[in-house]
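Presented below is the structure to which this report refers.
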Amino acid sequence: MSGSHFALVDCNNFYASCEQVFRPDLRGRPVVVLSNNDGCVVARSPEAKALGIGLGDPYFKIRYAFEGSEGIAFSSNYTLYGDMSRRVMDTLRTFTDEIEVYSIDEAFVGLRDPQPNLLSCARALRSTVKQWTGLTVSVGIGGTKTLAKVANRLAKRGTGVCNLIGHEDMQGVLSEVAVEDVWGIGPRYGRMLASYGITNALQLSEADDQWVRRRMTVVGLRTVLELRGIPCSGLNETQQPKKAIVRSRQFGRDVVDLEEILEPLASYVAAAARVLRKQGSVAGAMRVSIATSRFNEYTYANSIFRTLPWSTAHTGELIDWACQCMRQIYRPNFVYRRCGVMLTALTPADMQQTSLLNQEHYDGKKRALMEAIDGVTVQWGERALHWAREGLGQGWRMRQGRRSPRYTTRWDEVPVIAL
DNA sequence: TCTGGGGTCCTAGGACCC
DNA sequence: TCTGGGGTCCTAGGACCC
(Lines give C-alpha, C1' and ligand atoms only; values in the text may rest on other atoms or scores of the structure.)
Protein backbone atom coordinates (compact mmCIF):
# COMPACT_ATOMS: atom_id res chain seq x y z
CA MET A 1 0.00 0.00 0.00
CA SER A 2 1.73 3.12 -1.23
CA GLY A 3 1.16 5.53 1.62
CA SER A 4 -2.57 4.99 1.09
CA HIS A 5 -3.17 7.92 -1.18
CA PHE A 6 -5.84 7.11 -3.68
CA ALA A 7 -6.86 9.47 -6.45
CA LEU A 8 -10.07 8.82 -8.34
CA VAL A 9 -9.88 10.32 -11.82
CA ASP A 10 -13.29 10.53 -13.43
CA CYS A 11 -14.28 12.01 -16.80
CA ASN A 12 -17.05 14.56 -16.60
CA ASN A 13 -20.17 13.65 -18.61
CA PHE A 14 -18.01 11.21 -20.50
CA TYR A 15 -20.15 10.09 -23.46
CA ALA A 16 -21.60 13.54 -24.05
CA SER A 17 -18.14 15.09 -23.79
CA CYS A 18 -16.72 12.62 -26.34
CA GLU A 19 -19.33 13.82 -28.83
CA GLN A 20 -18.58 17.46 -28.10
CA VAL A 21 -14.81 17.05 -28.55
CA PHE A 22 -15.38 16.41 -32.25
CA ARG A 23 -18.30 18.82 -32.60
CA PRO A 24 -17.16 22.16 -31.20
CA ASP A 25 -20.43 23.61 -32.44
CA LEU A 26 -22.22 21.55 -29.79
CA ARG A 27 -20.27 22.85 -26.80
CA GLY A 28 -22.59 24.77 -24.58
CA ARG A 29 -25.63 23.10 -26.11
CA PRO A 30 -27.78 20.43 -24.47
CA VAL A 31 -26.43 17.04 -25.60
CA VAL A 32 -27.61 13.59 -24.56
CA VAL A 33 -26.41 10.11 -25.49
CA LEU A 34 -28.96 7.30 -25.74
CA SER A 35 -28.77 3.65 -24.78
CA ASN A 36 -28.90 0.87 -27.33
CA ASN A 37 -31.94 1.07 -29.57
CA ASP A 38 -32.05 4.77 -28.73
CA GLY A 39 -34.15 3.86 -25.70
CA CYS A 40 -33.04 5.80 -22.64
CA VAL A 41 -30.79 8.73 -21.83
CA VAL A 42 -27.47 7.42 -20.49
CA ALA A 43 -25.37 10.58 -20.54
CA ARG A 44 -26.09 14.31 -20.44
CA SER A 45 -24.13 17.49 -20.92
CA PRO A 46 -24.51 20.05 -18.10
CA GLU A 47 -26.90 22.01 -20.30
CA ALA A 48 -29.09 18.92 -20.73
CA LYS A 49 -29.06 18.34 -16.97
CA ALA A 50 -30.11 21.96 -16.51
CA LEU A 51 -33.13 21.26 -18.71
CA GLY A 52 -34.21 18.66 -16.17
CA ILE A 53 -33.38 15.63 -18.33
CA GLY A 54 -32.92 12.67 -15.99
CA LEU A 55 -30.53 9.76 -16.31
CA GLY A 56 -32.56 6.83 -17.64
CA ASP A 57 -35.40 8.94 -19.01
CA PRO A 58 -36.99 7.18 -22.01
CA TYR A 59 -36.13 9.37 -24.96
CA PHE A 60 -39.55 9.22 -26.57
CA LYS A 61 -40.99 10.91 -23.49
CA ILE A 62 -38.65 13.91 -23.48
CA ARG A 63 -37.86 14.17 -27.15
CA TYR A 64 -40.33 16.90 -28.05
CA ALA A 65 -39.34 19.28 -25.27
CA PHE A 66 -35.64 18.47 -25.57
CA GLU A 67 -35.39 19.06 -29.29
CA GLY A 68 -37.50 22.16 -28.87
CA SER A 69 -34.77 23.49 -26.60
CA GLU A 70 -32.12 23.02 -29.31
CA GLY A 71 -31.02 19.75 -27.70
CA ILE A 72 -29.27 17.11 -29.78
CA ALA A 73 -29.29 13.36 -29.12
CA PHE A 74 -26.75 10.74 -30.17
CA SER A 75 -26.97 6.96 -30.35
CA SER A 76 -24.25 5.25 -28.31
CA ASN A 77 -20.98 5.12 -30.22
CA TYR A 78 -19.02 2.64 -28.13
CA THR A 79 -16.23 2.42 -30.66
CA LEU A 80 -15.56 6.12 -30.15
CA TYR A 81 -16.00 6.08 -26.36
CA GLY A 82 -13.79 3.02 -25.98
CA ASP A 83 -11.02 4.62 -27.96
CA MET A 84 -11.28 7.93 -26.09
CA SER A 85 -11.18 6.00 -22.82
CA ARG A 86 -8.00 4.26 -23.91
CA ARG A 87 -6.44 7.66 -24.64
CA VAL A 88 -7.33 8.98 -21.18
CA MET A 89 -5.94 5.88 -19.45
CA ASP A 90 -2.76 5.98 -21.55
CA THR A 91 -2.31 9.60 -20.48
CA LEU A 92 -2.66 8.64 -16.81
CA ARG A 93 -0.09 5.88 -17.28
CA THR A 94 2.50 8.47 -18.25
CA PHE A 95 2.25 9.69 -14.64
CA THR A 96 2.25 6.38 -12.79
CA ASP A 97 2.10 2.62 -13.17
CA GLU A 98 -0.19 2.39 -10.19
CA ILE A 99 -3.49 2.57 -11.94
CA GLU A 100 -6.67 0.55 -11.78
CA VAL A 101 -9.02 1.18 -14.67
CA TYR A 102 -12.31 0.96 -12.86
CA SER A 103 -14.76 1.66 -15.67
CA ILE A 104 -14.81 3.18 -19.12
CA ASP A 105 -14.58 6.69 -17.66
CA GLU A 106 -12.78 6.38 -14.33
CA ALA A 107 -9.59 5.08 -12.83
CA PHE A 108 -8.07 4.85 -9.37
CA VAL A 109 -4.49 6.05 -9.27
CA GLY A 110 -2.02 5.47 -6.46
CA LEU A 111 -0.11 8.61 -5.53
CA ARG A 112 3.24 8.46 -3.78
CA ASP A 113 3.79 12.17 -3.57
CA PRO A 114 4.18 13.77 -0.16
CA GLN A 115 1.05 15.43 1.05
CA PRO A 116 1.78 19.07 0.12
CA ASN A 117 2.22 18.03 -3.52
CA LEU A 118 -1.00 16.10 -3.89
CA LEU A 119 -3.13 18.94 -5.15
CA SER A 120 -0.59 20.13 -7.67
CA CYS A 121 -0.23 16.57 -8.90
CA ALA A 122 -4.00 16.36 -9.32
CA ARG A 123 -4.00 19.59 -11.29
CA ALA A 124 -1.23 18.29 -13.54
CA LEU A 125 -3.21 15.12 -14.29
CA ARG A 126 -6.23 17.19 -15.08
CA SER A 127 -4.59 19.67 -17.40
CA THR A 128 -2.60 17.01 -19.27
CA VAL A 129 -5.70 14.89 -19.94
CA LYS A 130 -7.49 18.00 -21.14
CA GLN A 131 -4.65 18.94 -23.46
CA TRP A 132 -4.07 15.48 -24.91
CA THR A 133 -7.66 14.29 -25.28
CA GLY A 134 -9.93 17.33 -25.06
CA LEU A 135 -11.78 15.74 -22.14
CA THR A 136 -12.24 17.22 -18.68
CA VAL A 137 -11.62 15.03 -15.65
CA SER A 138 -12.21 15.56 -11.95
CA VAL A 139 -9.67 14.29 -9.44
CA GLY A 140 -10.54 13.38 -5.85
CA ILE A 141 -7.90 12.23 -3.36
CA GLY A 142 -8.50 10.30 -0.18
CA GLY A 143 -6.94 7.76 2.14
CA THR A 144 -9.26 5.00 0.90
CA LYS A 145 -11.05 4.37 -2.37
CA THR A 146 -14.37 5.21 -0.75
CA LEU A 147 -13.02 8.55 0.50
CA ALA A 148 -11.47 9.24 -2.92
CA LYS A 149 -14.99 8.80 -4.32
CA VAL A 150 -16.32 11.32 -1.82
CA ALA A 151 -13.50 13.70 -2.75
CA ASN A 152 -14.32 13.29 -6.41
CA ARG A 153 -17.91 14.39 -5.81
CA LEU A 154 -16.62 17.49 -4.06
CA ALA A 155 -14.13 18.08 -6.88
CA LYS A 156 -16.93 18.03 -9.44
CA ARG A 157 -18.83 20.66 -7.47
CA GLY A 158 -15.77 22.88 -7.12
CA THR A 159 -12.53 23.40 -8.99
CA GLY A 160 -12.18 19.92 -10.42
CA VAL A 161 -9.69 18.79 -7.80
CA CYS A 162 -10.14 17.95 -4.12
CA ASN A 163 -7.85 16.45 -1.52
CA LEU A 164 -9.26 14.98 1.69
CA ILE A 165 -5.91 13.71 3.01
CA GLY A 166 -5.18 15.60 6.21
CA HIS A 167 -8.46 17.48 6.00
CA GLU A 168 -9.05 19.22 9.33
CA ASP A 169 -12.83 18.68 9.36
CA MET A 170 -13.60 15.21 8.00
CA GLN A 171 -16.67 14.98 10.20
CA GLY A 172 -18.03 18.14 8.66
CA VAL A 173 -17.32 16.84 5.16
CA LEU A 174 -18.95 13.46 5.77
CA SER A 175 -22.01 14.97 7.44
CA GLU A 176 -22.69 16.83 4.19
CA VAL A 177 -22.69 13.64 2.10
CA ALA A 178 -26.06 11.90 1.77
CA VAL A 179 -25.76 8.25 2.71
CA GLU A 180 -27.02 6.99 -0.65
CA ASP A 181 -24.28 9.00 -2.35
CA VAL A 182 -21.64 6.88 -0.64
CA TRP A 183 -19.96 4.38 -2.98
CA GLY A 184 -21.53 0.99 -2.24
CA ILE A 185 -24.79 2.31 -0.83
CA GLY A 186 -27.59 1.88 -3.35
CA PRO A 187 -31.29 2.68 -3.12
CA ARG A 188 -32.16 -0.42 -1.07
CA TYR A 189 -29.55 0.14 1.60
CA GLY A 190 -30.27 3.86 1.50
CA ARG A 191 -33.90 3.23 2.45
CA MET A 192 -33.00 0.64 5.06
CA LEU A 193 -30.47 2.99 6.68
CA ALA A 194 -32.87 5.91 6.61
CA SER A 195 -35.40 3.83 8.53
CA TYR A 196 -32.81 3.65 11.32
CA GLY A 197 -32.14 7.38 11.15
CA ILE A 198 -28.86 7.07 9.25
CA THR A 199 -29.02 9.63 6.48
CA ASN A 200 -25.47 10.91 6.01
CA ALA A 201 -22.00 9.44 5.60
CA LEU A 202 -20.86 10.57 9.05
CA GLN A 203 -23.67 8.65 10.75
CA LEU A 204 -22.89 5.59 8.64
CA SER A 205 -19.21 5.76 9.59
CA GLU A 206 -20.23 5.75 13.27
CA ALA A 207 -22.59 2.76 13.01
CA ASP A 208 -21.91 -0.38 15.02
CA ASP A 209 -19.71 -2.88 13.16
CA GLN A 210 -21.72 -5.97 14.12
CA TRP A 211 -24.98 -4.33 13.17
CA VAL A 212 -23.62 -3.27 9.79
CA ARG A 213 -22.21 -6.73 9.19
CA ARG A 214 -25.58 -8.30 9.92
CA ARG A 215 -27.64 -5.90 7.84
CA MET A 216 -25.29 -5.26 4.92
CA THR A 217 -22.85 -8.20 4.82
CA VAL A 218 -19.10 -7.80 4.85
CA VAL A 219 -19.35 -5.60 1.78
CA GLY A 220 -21.22 -2.95 3.78
CA LEU A 221 -18.79 -3.30 6.67
CA ARG A 222 -15.88 -2.59 4.34
CA THR A 223 -17.62 0.58 3.18
CA VAL A 224 -18.00 1.75 6.79
CA LEU A 225 -14.36 1.01 7.60
CA GLU A 226 -13.22 2.87 4.48
CA LEU A 227 -15.27 5.91 5.53
CA ARG A 228 -13.28 5.83 8.77
CA GLY A 229 -10.08 5.92 6.74
CA ILE A 230 -9.18 2.24 7.00
CA PRO A 231 -8.35 0.90 3.51
CA CYS A 232 -10.08 -2.41 2.76
CA SER A 233 -9.27 -2.53 -0.92
CA GLY A 234 -6.09 -1.73 -2.78
CA LEU A 235 -5.40 -1.14 -6.43
CA ASN A 236 -6.12 -4.05 -8.68
CA GLU A 237 -3.22 -3.38 -10.94
CA THR A 238 -3.26 -6.57 -12.91
CA GLN A 239 -6.48 -7.00 -14.80
CA GLN A 240 -8.23 -10.11 -13.65
CA PRO A 241 -9.72 -12.20 -16.41
CA LYS A 242 -13.50 -11.98 -16.47
CA LYS A 243 -15.47 -14.71 -14.77
CA ALA A 244 -18.48 -14.35 -17.02
CA ILE A 245 -19.07 -12.85 -20.42
CA VAL A 246 -22.58 -11.70 -21.21
CA ARG A 247 -24.14 -10.56 -24.46
CA SER A 248 -27.78 -9.66 -24.31
CA ARG A 249 -29.66 -7.04 -26.22
CA GLN A 250 -33.05 -5.87 -27.16
CA PHE A 251 -33.97 -6.46 -30.77
CA GLY A 252 -34.60 -3.52 -33.03
CA ARG A 253 -38.09 -4.88 -33.63
CA ASP A 254 -40.47 -7.61 -32.47
CA VAL A 255 -39.45 -11.19 -33.20
CA VAL A 256 -41.77 -14.19 -32.98
CA ASP A 257 -40.26 -17.14 -34.85
CA LEU A 258 -37.75 -19.46 -33.27
CA GLU A 259 -35.60 -19.57 -36.38
CA GLU A 260 -35.42 -15.80 -36.42
CA ILE A 261 -34.44 -15.61 -32.75
CA LEU A 262 -31.57 -17.97 -33.38
CA GLU A 263 -29.95 -15.30 -35.57
CA PRO A 264 -29.35 -12.65 -32.90
CA LEU A 265 -28.51 -15.42 -30.45
CA ALA A 266 -25.81 -16.74 -32.78
CA SER A 267 -24.57 -13.22 -33.27
CA TYR A 268 -24.33 -12.59 -29.50
CA VAL A 269 -22.57 -15.91 -29.01
CA ALA A 270 -20.07 -14.95 -31.70
CA ALA A 271 -19.44 -11.60 -30.01
CA ALA A 272 -19.05 -13.20 -26.59
CA ALA A 273 -16.70 -15.83 -28.05
CA ARG A 274 -14.48 -13.08 -29.47
CA VAL A 275 -14.13 -11.55 -26.01
CA LEU A 276 -13.53 -15.03 -24.60
CA ARG A 277 -10.64 -15.70 -26.99
CA LYS A 278 -9.23 -12.23 -26.48
CA GLN A 279 -8.69 -12.96 -22.81
CA GLY A 280 -7.31 -16.39 -23.62
CA SER A 281 -10.09 -18.39 -21.98
CA VAL A 282 -12.41 -21.23 -22.82
CA ALA A 283 -15.97 -21.56 -21.52
CA GLY A 284 -17.22 -24.64 -19.70
CA ALA A 285 -20.86 -23.62 -19.31
CA MET A 286 -23.42 -21.26 -20.71
CA ARG A 287 -26.76 -19.73 -19.87
CA VAL A 288 -29.18 -18.79 -22.63
CA SER A 289 -32.11 -16.49 -21.98
CA ILE A 290 -35.12 -15.15 -23.79
CA ALA A 291 -37.76 -12.59 -22.86
CA THR A 292 -40.70 -10.62 -24.17
CA SER A 293 -40.93 -6.92 -23.44
CA ARG A 294 -41.84 -6.22 -19.81
CA PHE A 295 -44.47 -3.90 -21.18
CA ASN A 296 -46.29 -6.55 -23.22
CA GLU A 297 -49.69 -7.81 -22.20
CA TYR A 298 -48.46 -11.40 -22.34
CA THR A 299 -44.98 -11.73 -20.93
CA TYR A 300 -42.67 -14.72 -20.84
CA ALA A 301 -39.08 -14.96 -19.76
CA ASN A 302 -36.92 -17.98 -19.21
CA SER A 303 -33.34 -19.07 -19.15
CA ILE A 304 -31.49 -22.34 -19.14
CA PHE A 305 -28.08 -23.27 -17.77
CA ARG A 306 -25.97 -25.87 -19.47
CA THR A 307 -22.65 -27.44 -18.69
CA LEU A 308 -20.90 -27.90 -22.01
CA PRO A 309 -19.68 -31.28 -23.31
CA TRP A 310 -16.18 -29.81 -23.32
CA SER A 311 -14.63 -26.41 -22.69
CA THR A 312 -14.21 -24.43 -25.86
CA ALA A 313 -13.74 -21.04 -27.44
CA HIS A 314 -14.87 -22.29 -30.85
CA THR A 315 -17.65 -20.05 -32.08
CA GLY A 316 -19.34 -22.76 -34.13
CA GLU A 317 -19.56 -25.20 -31.23
CA LEU A 318 -20.82 -22.49 -28.89
CA ILE A 319 -23.47 -21.42 -31.39
CA ASP A 320 -24.70 -25.00 -31.84
CA TRP A 321 -25.04 -25.56 -28.11
CA ALA A 322 -26.68 -22.19 -27.56
CA CYS A 323 -29.24 -22.92 -30.26
CA GLN A 324 -30.05 -26.25 -28.60
CA CYS A 325 -30.63 -24.40 -25.34
CA MET A 326 -32.88 -21.88 -27.06
CA ARG A 327 -35.01 -24.62 -28.61
CA GLN A 328 -35.70 -25.87 -25.09
CA ILE A 329 -36.92 -22.58 -23.65
CA TYR A 330 -38.60 -21.04 -26.70
CA ARG A 331 -42.39 -20.96 -26.53
CA PRO A 332 -44.44 -20.10 -29.62
CA ASN A 333 -46.97 -17.28 -29.80
CA PHE A 334 -45.04 -14.75 -27.77
CA VAL A 335 -43.61 -11.52 -29.12
CA TYR A 336 -39.95 -11.44 -28.09
CA ARG A 337 -37.79 -8.38 -27.54
CA ARG A 338 -34.55 -9.73 -26.18
CA CYS A 339 -32.35 -12.76 -25.91
CA GLY A 340 -28.93 -13.27 -24.47
CA VAL A 341 -26.11 -15.61 -23.69
CA MET A 342 -23.75 -15.83 -20.74
CA LEU A 343 -20.51 -17.79 -20.98
CA THR A 344 -19.27 -19.02 -17.62
CA ALA A 345 -16.96 -21.57 -16.00
CA LEU A 346 -14.16 -19.75 -17.78
CA THR A 347 -10.69 -21.24 -17.56
CA PRO A 348 -7.40 -20.44 -19.29
CA ALA A 349 -7.29 -22.05 -22.72
CA ASP A 350 -3.83 -23.48 -22.10
CA MET A 351 -4.87 -25.34 -18.96
CA GLN A 352 -7.56 -27.53 -20.45
CA GLN A 353 -8.37 -30.92 -19.09
CA THR A 354 -8.77 -33.45 -21.83
CA SER A 355 -11.24 -36.13 -21.02
CA LEU A 356 -10.30 -39.75 -21.52
CA LEU A 357 -13.74 -40.70 -22.71
CA ASN A 358 -14.31 -37.67 -24.83
CA GLN A 359 -11.64 -37.24 -27.43
CA GLU A 360 -13.10 -34.06 -28.76
CA HIS A 361 -12.07 -30.71 -27.33
CA TYR A 362 -10.74 -27.30 -28.29
CA ASP A 363 -7.66 -28.54 -30.12
CA GLY A 364 -4.95 -26.95 -32.22
CA LYS A 365 -6.91 -27.15 -35.43
CA LYS A 366 -9.93 -25.36 -34.01
CA ARG A 367 -7.72 -22.77 -32.38
CA ALA A 368 -5.93 -22.04 -35.62
CA LEU A 369 -9.27 -21.54 -37.36
CA MET A 370 -10.46 -19.13 -34.67
CA GLU A 371 -7.19 -17.20 -34.81
CA ALA A 372 -7.55 -16.82 -38.55
CA ILE A 373 -11.12 -15.58 -38.20
CA ASP A 374 -10.16 -13.14 -35.45
CA GLY A 375 -7.34 -11.87 -37.64
CA VAL A 376 -9.75 -11.10 -40.47
CA THR A 377 -12.12 -9.43 -38.02
CA VAL A 378 -9.42 -7.15 -36.65
CA GLN A 379 -8.40 -6.11 -40.12
CA TRP A 380 -11.74 -5.82 -41.85
CA GLY A 381 -14.26 -5.22 -39.07
CA GLU A 382 -16.61 -7.46 -37.14
CA ARG A 383 -19.10 -7.80 -39.95
CA ALA A 384 -16.52 -8.93 -42.50
CA LEU A 385 -16.98 -12.59 -41.70
CA HIS A 386 -19.77 -14.25 -39.82
CA TRP A 387 -21.48 -17.52 -39.14
CA ALA A 388 -24.37 -18.45 -41.43
CA ARG A 389 -26.57 -18.86 -38.37
CA GLU A 390 -26.28 -15.12 -37.72
CA GLY A 391 -28.42 -14.50 -40.78
CA LEU A 392 -28.13 -12.05 -43.62
CA GLY A 393 -30.98 -9.59 -43.26
CA GLN A 394 -30.49 -8.95 -39.57
CA GLY A 395 -33.65 -6.90 -39.30
CA TRP A 396 -33.47 -7.49 -35.53
CA ARG A 397 -30.32 -5.37 -35.22
CA MET A 398 -30.69 -2.49 -32.87
CA ARG A 399 -31.56 0.92 -34.10
CA GLN A 400 -28.76 3.45 -34.02
CA GLY A 401 -30.02 6.20 -36.25
CA ARG A 402 -28.22 8.97 -34.41
CA ARG A 403 -24.73 7.55 -34.16
CA SER A 404 -21.85 9.96 -34.72
CA PRO A 405 -18.87 8.99 -36.91
CA ARG A 406 -16.18 6.74 -35.42
CA TYR A 407 -13.79 9.69 -35.67
CA THR A 408 -10.74 8.08 -34.16
CA THR A 409 -10.80 4.50 -35.39
CA ARG A 410 -11.92 4.56 -39.04
CA TRP A 411 -10.03 6.23 -41.85
CA ASP A 412 -13.23 6.88 -43.74
CA GLU A 413 -14.77 8.60 -40.74
CA VAL A 414 -11.99 10.89 -39.53
CA PRO A 415 -13.06 14.50 -39.16
CA VAL A 416 -12.39 16.61 -42.23
CA ILE A 417 -11.48 20.24 -41.85
CA ALA A 418 -12.74 22.20 -44.84
CA LEU A 419 -10.27 24.59 -46.36
C1' DT B 1 -44.03 3.03 -32.31
C1' DC B 2 -40.51 4.08 -28.45
C1' DT B 3 -38.50 2.03 -21.41
C1' DG B 4 -30.04 -0.05 -21.60
C1' DG B 5 -26.20 -3.43 -21.04
C1' DG B 6 -22.36 -5.71 -18.73
C1' DG B 7 -20.29 -6.83 -14.73
C1' DT B 8 -18.93 -8.24 -9.37
C1' DC B 9 -19.53 -10.07 -4.80
C1' DC B 10 -22.01 -12.24 -0.96
C1' DT B 11 -25.34 -15.36 1.30
C1' DA B 12 -28.67 -18.92 1.92
C1' DG B 13 -30.25 -23.26 0.89
C1' DG B 14 -30.34 -27.77 -1.35
C1' DA B 15 -27.90 -31.88 -2.99
C1' DC B 16 -24.55 -34.92 -2.16
C1' DC B 17 -20.62 -37.22 0.08
C1' DC B 18 -18.25 -39.40 3.94
C1' DT C 1 -38.82 -46.05 14.61
C1' DC C 2 -35.20 -43.47 13.80
C1' DT C 3 -33.06 -39.17 11.52
C1' DG C 4 -25.62 -36.39 13.20
C1' DG C 5 -22.23 -33.23 11.53
C1' DG C 6 -19.03 -31.28 8.51
C1' DG C 7 -17.47 -30.27 3.96
C1' DT C 8 -18.09 -29.01 -0.94
C1' DC C 9 -20.43 -27.72 -4.93
C1' DC C 10 -24.06 -25.55 -7.27
C1' DT C 11 -27.79 -22.29 -7.95
C1' DA C 12 -30.85 -18.56 -7.03
C1' DG C 13 -31.43 -14.28 -5.40
C1' DG C 14 -30.12 -9.87 -3.74
C1' DA C 15 -27.26 -6.06 -3.42
C1' DC C 16 -24.14 -3.01 -5.69
C1' DC C 17 -21.25 -0.58 -9.55
C1' DC C 18 -20.80 2.22 -14.04
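Between A:K61 and B:dT1, a side-chain N or O to OP1/OP2 separation shorter than 4.0 Å is absent. The side chain of A:R338 contributes an N or O atom lying less than 4.0 Å from OP1 or OP2 of B:dG5. Contact check, A:R249 against B:dG6: a side-chain N or O comes under 4.0 Å of OP1 or OP2.
Contact annotation for A:R253: no contact, since no heavy-atom pair falls under 4.0 Å across all strands. Residue contacts shown for A:I185 are limited to sugar-phosphate atoms, with no base heavy atom under 4.0 Å away. Using a 4.0 Å heavy-atom distance criterion, A:R222 is classed as a sugar-phosphate-only contact. At the heavy-atom level, A:R63 lies nowhere under 4.0 Å from the strands shown. Using a 4.0 Å heavy-atom cutoff across all strands shown, A:K145 reaches no nucleic acid atom at all. Residue A:R213 is classed as a sugar-phosphate contact, given heavy-atom separations below 4.0 Å to backbone atoms only. Residue contacts shown for A:V182 are limited to sugar-phosphate atoms, with no base heavy atom under 4.0 Å away. Within the 4.0 angstrom heavy-atom criterion, only backbone atoms of the sugar-phosphate kind lie near A:I245; the bases stay farther away.
With a cut-off of 3.5 Å on both pairing distances, the Watson-Crick or G-U wobble partner of B:dC18 is C:dG5.
When ring centroids are compared, A:Y300 and A:Y330 stay outside the 6.0 Å threshold.
For A:R247 and B:dG5, the CZ to C1' distance is 9 Å, given to the nearest whole Å. We find that CG of A:L34 is positioned 10 Å from C1' of B:dG4, with the value rounded to whole Å. The interatomic distance linking A:N36 (CG) with B:dT3 (P) rounds to 12 Å, in whole Å. Atoms OH (A:Y268) and C1' (B:dG4) sit 12 Å apart, rounded to a whole Å. For the pair A:Y64 OH and B:dT1 P, the computed distance is 18 Å after rounding to whole Å. When rounded to the nearest whole Å, the span between CZ of A:R397 and P of B:dG4 equals 19 Å. Residue A:F14 contributes atom CZ, which lies 20 Å from atom P of C:dC17 at whole-angstrom precision. Straight-line distance from the CG atom of A:L8 to the C1' atom of C:dC18: 12 Å, rounded to whole Å.
For residues 221-230 of chain A, the set of pairs meeting the side-chain hydrogen bond (donor to acceptor under 3.5 Å, both in side chains) definition, not counting sequence neighbours, comprises A:T146-A:E226, A:D209-A:R228.
Without hydrogens or angle criteria, A:S85 side chain to A:I104 main chain gives a donor-acceptor distance under 3.5 Å. Judged purely by atom type and a 3.5 angstrom limit, A:S45 uses its side chain to pair as donor or acceptor with the backbone of A:V31.
Which of C:dC18, B:dG7, B:dG4 sits closest to the side chain of A:C40 comes down to B:dG4. In the set C:dC18, B:dT3, B:dG6, the nucleotide with an atom closest to the side chain of A:F60 is B:dT3. Here C:dC18 is the nucleotide among C:dC18, B:dG7, B:dG4 with the atom lying nearest to any side-chain atom of A:D105.
Separation of the P atoms belonging to C:dG4 and B:dG14 is 16 Å when rounded to the nearest angstrom.
A side chain to side chain contact (heavy atoms under 4.5 Å, CB included) with A:M370 is found for exactly one of A:L276, A:T312, A:T315, namely A:T315.
There is no side-chain donor-acceptor pair under 3.5 Å between A:T136 and A:N12. Counted by atom type alone, A:R87 and A:T133 present zero donor-acceptor pairs between their side chains at under 3.5 Å. No side-chain donor from either of A:R215 and A:Y189 sits under 3.5 Å from a side-chain acceptor of the other.
Nearer the 5' end of DNA chain B, as judged by each residue's closest nucleotide, is the contact made by A:S35, out of A:S35 and A:K243.
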Original post:
Could you walk me through whether A:L135 and A:K130 pass the side chain to side chain contact (heavy atoms under 4.5 Å, CB included) check?
Top reply: CA-CA 5 Å; A:L135 294 167; A:K130 178 75 182 177; over 6 Å; no
Original post:
In B/S/- notation, 5' to 3', how is nucleotides 8-15 of chain C contacted by protein heavy atoms closer than 4.0 Å?
Top reply: ---SS--S
